[in-house]
Amino acid sequence: MQVNEASMKPVLNRLKRAQGQLAAVIAMIESGRECEDVVTQLAAVSKALDRAGFKIVASGMRECLADGSENPPMTQDKLEKLFLTLA
């Protein structure tokens, strides 16, 4: 994936945070923590992943997925479908 490094830095930060949160969820389950605590943390992981996905799309998925001059940019319909896969 070739994207603007500056625009992807916040995405990588979100994904790394989500990775840490997911590790915490796994540890919580393994240690027998309360269901409510686990679900709360799992929701936080899910939200972080969703936000990272939306940020990637908003930061130029059209250019990211266009494979050079041979392939045309994504159509409006394809971009909408990509957004909806995150919903």
Side-chain angles (χ1 to χ4, degrees):
M1 181 191 288
Q2 297 222 350
V3 292
N4 180 318
E5 200 173 308
S7 66
M8 285 299 108
K9 186 170 181 159
V11 173
L12 288 173
N13 288 341
R14 285 183 195 270
L15 290 173
K16 288 176 183 178
R17 188 172 350 164
Q19 183 179 33
Q21 289 172 317
L22 183 56
V25 169
I26 292 168
M28 291 170 76
I29 292 170
E30 290 175 340
S31 67
R33 292 279 300 270
E34 292 294 321
C35 182
E36 184 177 352
D37 296 336
V38 173
V39 170
T40 299
Q41 284 302 313
L42 195 55
V45 172
S46 180
K47 189 169 186 173
L49 291 174
D50 288 344
R51 286 179 180 235
F54 287 123
K55 182 72 173 172
I56 289 170
V57 173
S59 294
M61 207 56 179
R62 179 183 306 228
E63 290 79 20
C64 181
L65 294 179
D67 193 79
S69 61
E70 290 180 20
N71 296 331
M74 293 180 76
T75 65
Q76 179 80 22
D77 288 340
K78 284 186 179 180
L79 281 172
E80 286 179 21
K81 185 175 180 179
L82 189 59
F83 268 109
L84 291 174
T85 61
L86 295 171

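When reading the values below, keep in mind they use all heavy atoms of this one structure, side chains included, and skip hydrogens, waters and symmetry mates.
Considering all non-hydrogen atoms of both residues, A48 and Q21 come closest at CB-OE1, 3.8 Å.
Cluster membership for L49 and I29, using ILVMFWY side-chain heavy atoms within less than 4.5 angstrom, is shared. Residues V38 and I26 are members of one and the same hydrophobic cluster, defined by side-chain heavy-atom contacts under 4.5 angstrom among Ile, Leu, Val, Met, Phe, Trp and Tyr. In terms of hydrophobic clustering, with Ile, Leu, Val, Met, Phe, Trp and Tyr side chains grouped at heavy-atom distances under 4.5 Å, V39 and M28 are assigned to different clusters.
At distances below 3.5 Å, not a single donor-acceptor pair connects side-chain atoms of S46 with backbone N or O atoms of L42.
By the 4.5 Å heavy-atom criterion applied to side chains, L15 and Q19 are not counted as neighbours. Residues R51 and K55 fail the side-chain proximity criterion, which asks for heavy atoms closer than 4.5 Å.
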